[in-house]
Enquirer: 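First the structure, then my questions, so here it is.
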Amino acid sequence: MSDAVKNIVLVHGAFADGSSWAKVIPLLEEKGYHAVAVQNPLTSLADEVAFTKRIIALQDGPVILVGHSWGGAVITQAGDDPKVVGLVYVTAYAPEAGQSANDASASFGWTDGQKQIRVNGDGFATVTSEGMEIIAEGLPPAERKLALAVQGQSYGPMFDEKLSVAAWKSKPTWAIVSTKDRMLPPAMEAAAAKKMGAVTTTVATCHMSILEDPATVAAVIDEAARNAVSKQSEIGKANTARQGQ
């Protein structure tokens with residue numbers, strides 16, 4: 001337990017804000033963690049990464065970096081920060097270096113939720129009320145309405161921006177796959193978790209797993225925080241051994 005990481009940085013998805021972590025944060029705080037949600041601008045991958053790294057820089061020690069949905073692309077790029085010792089992907093994209101979020105999901109087809117995205121003349125996207133019902137269908141009606149009310153406009157081209165790094169290749173990784181997700185393809189989430197070699201948990205939730213099953217999400221983050229340092233040490237030893245061969 002002495003190696004447990006105390007700082008948790010949470011990155012929200014597109015069409016959302018930091019309030020999407022409202023049920024997870026208290027559970028983490030009850031466990032003794034310092035949890036903070038990044039309020040990302042949804043304007044570009046570069047902006048998202050810069051916002052996230054500024055929050056990481058404010059932490060007083062090692063960080064577990066957690067991303068939901070589009071936030072998975074953000075943490076894949078921002079996770080190369082030396083303070084980050086573990087990554088948690090929650091119902092999220094996990095692109096390769098050289099891929100965009102759209103590239104990562106293209107082969108899995110368009111979901112019901114993605115078909116409800118509307119882009120205005122300036123390139124900014126929102127989801128329709130029907131789309132938010134799909135995204136948040138596992139939540140009570142009042143929470144679905146709130147999710148629609150606080151959705152942020154997302155700059156459409158950012159989903160085509162290529163990542164230059166894939167932090168999951170060098171950092172211990174955990175993943176949550178949502179089998180009832182109709183916004184991102186569950187098959188994509190599962191394939192990404194396998195590709196990353198992530199410690200994987202499967203939940204029967206909608207896309208908003210962080211609001212439908214916050215207890216499981218908090219438990220996975222807790223597991224990551226307690227084990228990331230030792231796992232990182234194992235990765236380092238394995239890499240050293242390979243280089244010596």
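Quick caveat, the model's predicted, so the values are computed rather than measured.
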Enquirer: Does one side chain, of Gln151 or Thr126, offer a donor that lies under 3.5 Å from an acceptor on the other?
Expert: no
Enquirer: Could you tell me if Asp47 and Thr43 have a donor-acceptor pair between their side chains, going purely by distance under 3.5 Å?
Expert: yes
Enquirer: Hey, is the main chain of Glu96 close enough, under 3.5 Å, to the side chain of Trp168 for a donor-acceptor pair?
Expert: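 No, the answer is negative, given that no donor and acceptor are paired below the 3.5 Å cut-off.
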Enquirer: Does any N or O in the side chain of Glu48 come within less than 3.5 Å of the main-chain N or O of Leu42, such that one atom is a donor and the other an acceptor?
Expert: yes
Enquirer: For the backbone of Met183 and the side chain of Thr111, can you confirm whether one donor and one acceptor N or O come within less than 3.5 Å of each other?
Expert: yes
Enquirer: Hey, does the side chain of Asp17 reach the backbone of Ser19 with a donor-acceptor pair shorter than 3.5 angstrom?
Expert: yes
Enquirer: Can Trp174 and Glu223 be said to form a side-chain contact (heavy atoms from CB on, under 4.5 Å), step by step?
Expert: CA-CA 9 Å; Trp174 286 257; Glu223 180 188 345; 3.4 Å; yes
Enquirer: Counting heavy atoms not belonging to Lys162, are there more than 12 under 6.0 Å from its NZ?
Expert: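 Yes.
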Enquirer: Answer with yes or no whether the side chains of Thr76 and Tyr93 bring together a donor and an acceptor at under 3.5 Å.
Expert: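 No donor-acceptor contact under 3.5 Å links the two side chains.
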Enquirer: With sequence neighbours left out, what residues match Phe108 under ring pair (Phe, Tyr, Trp, His ring centres under 6.0 Å)?
Expert: none
Enquirer: Within the structure provided, determine whether Thr205 and Asp181 are in side-chain contact (heavy-atom separation under 4.5 Å).
Expert: no
Enquirer: If you define the side chain from C-beta out and look only at heavy atoms, does anything of Val88 sit under 4.5 Å from Leu65?
Expert: no
Enquirer: Between Ser44 and Met158 (side chain of the first, backbone of the second, donor and acceptor by atom type, cut-off under 3.5 Å), is there such a pair?
Expert: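 Pair absent, no side-chain N/O of Ser44 close to backbone of Met158.
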Enquirer: Where the side chain of Gln59 meets the backbone of Asn7, is there a donor-acceptor pair that is under 3.5 Å apart?
Expert: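 No, the answer is negative, given that no donor and acceptor are paired below the 3.5 Å cut-off.
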Enquirer: Would you say the side chain of Leu27 lies within less than 4.5 Å of the side chain of Val24, judging by non-hydrogen atoms?
Expert: no
Enquirer: Before you tell me yes or no, could you show the steps for Leu10 and Val36 under side-chain contact (heavy atoms from CB on, under 4.5 Å), namely the whole-Å CA-CA distance, both residues' side-chain angles and the distance that decides it to 0.1 Å?
Expert: CA-CA 6 Å; Leu10 306 160; Val36 59; over 6 Å; no
Enquirer: So, the side chain of Glu212 versus the backbone of His207: is there a donor-acceptor pair under 3.5 Å, distance only?
Expert: no
Enquirer: Among Thr216, Ile210, Val11, Val220, which one satisfies side chain to side chain contact (heavy atoms under 4.5 Å, CB included) with Val90?
Expert: Ile210
Enquirer: Hey, are Glu137 and Arg182 close enough for a salt bridge, meaning a charged N less than 4.0 Å from a carboxylate O?
Expert: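 Salt bridge flag = yes for Arg182 with Glu137.
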Enquirer: Give, for atom OG1 of Thr52 and atom NE2 of His12, the distance between the pair rounded to the nearest 0.5 Å.
Expert: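 Answer for the OG1-NE2 pair, Thr52 versus His12, is 8.0 Å.
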Enquirer: How far does CD1 of Ile176 sit from NE2 of His68, to the nearest 0.5 angstrom?
Expert: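 So the gap between those two atoms works out to 9.5 Å.
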Enquirer: Are any non-hydrogen side-chain atoms of Tyr89 and Thr173 less than 4.5 angstrom apart?
Expert: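 Yes; the side chains approach each other to less than 4.5 Å.
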Enquirer: Apply side-chain contact (heavy atoms from CB on, under 4.5 Å) to the pair Asn40 and Val74, showing each step before the final yes or no.
Expert: CA-CA 10 Å; Asn40 268 332; Val74 179; 4.3 Å; yes
Enquirer: I'd like to check the ring pair (Phe, Tyr, Trp, His ring centres under 6.0 Å) partners of Trp70; sequence neighbours left out, ordered by chain and number.
Expert: Phe159
Enquirer: Measure the CD1-CG distance between Ile135 and Asp112 for me, rounded to the nearest 0.5 Å.
Expert: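 The distance works out to 11.0 Å.
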Enquirer: Is any side-chain heavy atom of Met208 closer than 4.5 Å to one of Lys23?
Expert: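 Of all side-chain heavy-atom pairs linking Met208 with Lys23, none is under 4.5 Å.
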Enquirer: Using modelled atom types only, decide if a donor and an acceptor are shared between the side chain of Gln232 and the backbone of Gly86 within a distance under 3.5 Å.
Expert: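 No; zero donor-acceptor contacts below 3.5 Å.
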Enquirer: Considering non-hydrogen atoms only, spot the tightest contact between Gly18 and Ala37 and give its length.
Expert: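 Taking every non-hydrogen atom into account, O-CB, 4.0 Å.
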Enquirer: Rounded to the nearest 0.5 Å, how far does CD1 of Ile25 lie from NE2 of His34?
Expert: 9.5 Å
Enquirer: Output a table of donor-acceptor pairs, distance under 3.5 Å, between side-chain atoms of residues 184-203 and any protein atom two or more places apart or on a different chain; print 'none' if there are none.
Expert:
residue: Glu189; atom: OE1; partner: Ser178; partner atom: N; Å: 2.9
residue: Lys195; atom: NZ; partner: Ala94; partner atom: O; Å: 2.9
residue: Thr200; atom: OG1; partner: Ala198; partner atom: O; Å: 3.0

Enquirer: Can you name the nearest heavy-atom pair linking Leu139 to Arg144, along with the distance?
Expert: O-NE, 2.7 Å
Enquirer: Under a 3.5 Å threshold, yes or no: a donor from one side chain and an acceptor from the other, between Asp222 and Tyr33?
Expert: yes
Enquirer: Answer yes or no: is there a side-chain heavy-atom contact under 4.5 Å between Val49 and Lys53?
Expert: yes
Enquirer: State whether the side chain of Lys171 and the backbone N or O of Gly79 hold a donor-acceptor pair below 3.5 Å, judged by distance alone.
Expert: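 The answer is yes, because a donor-acceptor pair under 3.5 Å joins these two groups.
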Enquirer: May I ask you to check whether Ser100 and Asn102 show a side-chain donor-acceptor distance below 3.5 Å?
Expert: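 There is no such pair between these side chains.
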